[in-house]
Colleague: 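Following this message is one structure expressed as structure tokens.
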2 protein chains.
Amino acid sequence: MREDTRTRIQEIALRLFTEQGYEATSLREIAEELGVTKAALYYHFKTKEDIVASLAELRVADLEELLAWVRTQPKTPETRRELVQRYADKLVQPRYREVTRFMERNQTALRDHPKIHRMREVMLELTAQLHEPSDTLATRISRSMALFTLHAAKWMAQDESLTEEEITKASLEVALRFMEP
Amino acid sequence: MREDTRTRIQEIALRLFTEQGYEATSLREIAEELGVTKAALYYHFKTKEDIVASLAELRVADLEELLAWVRTQPKTPETRRELVQRYADKLVQPRYREVTRFMERNQTALRDHPKIHRMREVMLELTAQLHEPSDTLATRISRSMALFTLHAAKWMAQDESLTEEEITKASLEVALRFMEP
DNA sequence: GTCTATAAGAAGATAGAC
DNA sequence: GTCTATCTTCTTATAGAC
């Protein structure tokens, strides 16, 4: 069954925004790939920013769910490792990863979008769950780098003949190592 | 003594490109801040891309120097730690850091610029110096995250009342910890 | 080196027909 | 839901005077 037009706009926009950049991608291009005119897009999304907001929503909802979960848990090393594990699980879902990639690559262009701002907040709250006030600065940096590692490890794929699975597995191993006191 | 116009264009462009994004910053804005007309910019730089190339040049030269140095050294743990240390030293120089920040934030918009491409190459070669073929994948990821940590630690400054010096010192400590086997 | 003036085009967005 | 046609505004870039 054919997806609805709204979803297809999201898919095409996400791909083009990521490949070419947000500002560099015009509504004309999106419309052409979809096989309609620019004006048709305006029936589904009021503005270009609305398309971004709808994409950000896909990720924010996931992150807020994760944050809500961790707040029900006791603040133990066990919980922190489990949070890293769950974050890694989110990150292997293609849709989540694509949206994340789009946002990483267009930080500046997106800086004024309210939904993007909300997402940054949630990410900061999530990393804050990884340490306690009594931890040293070095420990806090190390813990934050655990989440970063899950994101950044895909760089490794460039010059190596490794499968995605090997990289995912190894970067989780490294991330958990960074969580050690 | 007043700097020359070319240098002032570079400074203003670098700031606006970083704050607002590369595509979102027009030559008109740069000219207005400089107090001249758009046309005057074209005397100093043939195109907008030329301004970017001149900015990238500032960083590429530094990185190539670092790469040239490390290639004269024996491939020992000692050399690798020294490379991390030297990279950290580069990163505290304001001009280098500003250009780096600009590039991090505008990855997609800059993807087709040849100078940017060269910079990515040099960065990859630098990280390749941090490990040997016999190292496990986890070790290689961990070592690459050492350089990443030096970049990313500035995120820590957001919600804390820490001095830049404390953060720099602690992130170097973490980076060197990540270099351990 | 900097100016005015202008070209040539693409962008986001809207009105109204079908 | 999608179209054609159009508006307005902005962009990069150039020609030629001073």
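Bear in mind that the values here come from a model prediction, so they are computed numbers and not experimental data. Order of the sequence lines fixes the chain letters, A, B, ..., with proteins taken first and strands second; residue numbering starts at 1 for each chain.
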Colleague: For A:Gln10, enumerate each residue passing the side chain to side chain donor-acceptor pair (under 3.5 Å) test, keeping only those at least two apart in sequence or located in another chain.
Modeller: A:Ser54

Colleague: Please list, chain by chain and in numerical order, all residues satisfying side chain to side chain donor-acceptor pair (under 3.5 Å) with B:His113, sequence neighbours excluded.
Modeller: none

Colleague: Please confirm whether the shortest side-chain N or O distance from B:Ser26 to OP1 or OP2 of D:dT11 is below 4.0 Å.
Modeller: yes

Colleague: So, using ring-ring contact (aromatic ring centres under 6.0 Å, His included) as the criterion, who are the partners of B:His131 when residues are at least two apart?
Modeller: none

Colleague: Tell me, please, which residues at least two apart from A:Arg59 pass salt bridge (Lys or Arg N to Asp or Glu O under 4.0 Å).
Modeller: none

Colleague: Tell me, please, which residues at least two apart from A:Glu29 pass salt bridge (Lys or Arg N to Asp or Glu O under 4.0 Å).
Modeller: none

Colleague: Restricting to side chain to side chain donor-acceptor pair (under 3.5 Å), what partner residues turn up for B:Arg105, sequence neighbours left out?
Modeller: none

Colleague: Output the residues of residues 42-56 of chain B in contact with DNA chain D, where contact means a heavy atom of the residue under 4.0 Å from an atom of the strand; sort by number or write none.
Modeller: B:Tyr42, B:Thr47, B:Lys48

Colleague: Could you list, one pair per line, each protein nitrogen or oxygen that sits under 3.5 Å from a nitrogen or oxygen of nucleotides 6-9 of chain D, together with the distance?
Modeller:
none

Colleague: Which residues satisfy the side chain to side chain donor-acceptor pair (under 3.5 Å) test with A:Arg15, sequence neighbours excluded?
Modeller: A:Glu33

Colleague: Please enumerate all residues that pass side-chain contact (heavy atoms from CB on, under 4.5 Å) together with A:Pro74, with sequence neighbours excluded.
Modeller: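 With sequence neighbours excluded, A:Pro74 shows a side-chain contact (heavy atoms from CB on, under 4.5 Å) to A:Thr76, A:Thr79, given in chain and number order.
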
Colleague: Which is the 5'-most and which the 3'-most nucleotide of DNA chain C that has an atom under 4.0 Å from a heavy atom of chain B?
Modeller: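 Counting from the 5' end, contacts occupy C:dG1 to C:dT4.
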
Colleague: Under the rule for side-chain contact (heavy atoms from CB on, under 4.5 Å), what residues qualify as partners of B:Thr163, not counting sequence neighbours?
Modeller: B:Glu165, B:Glu166

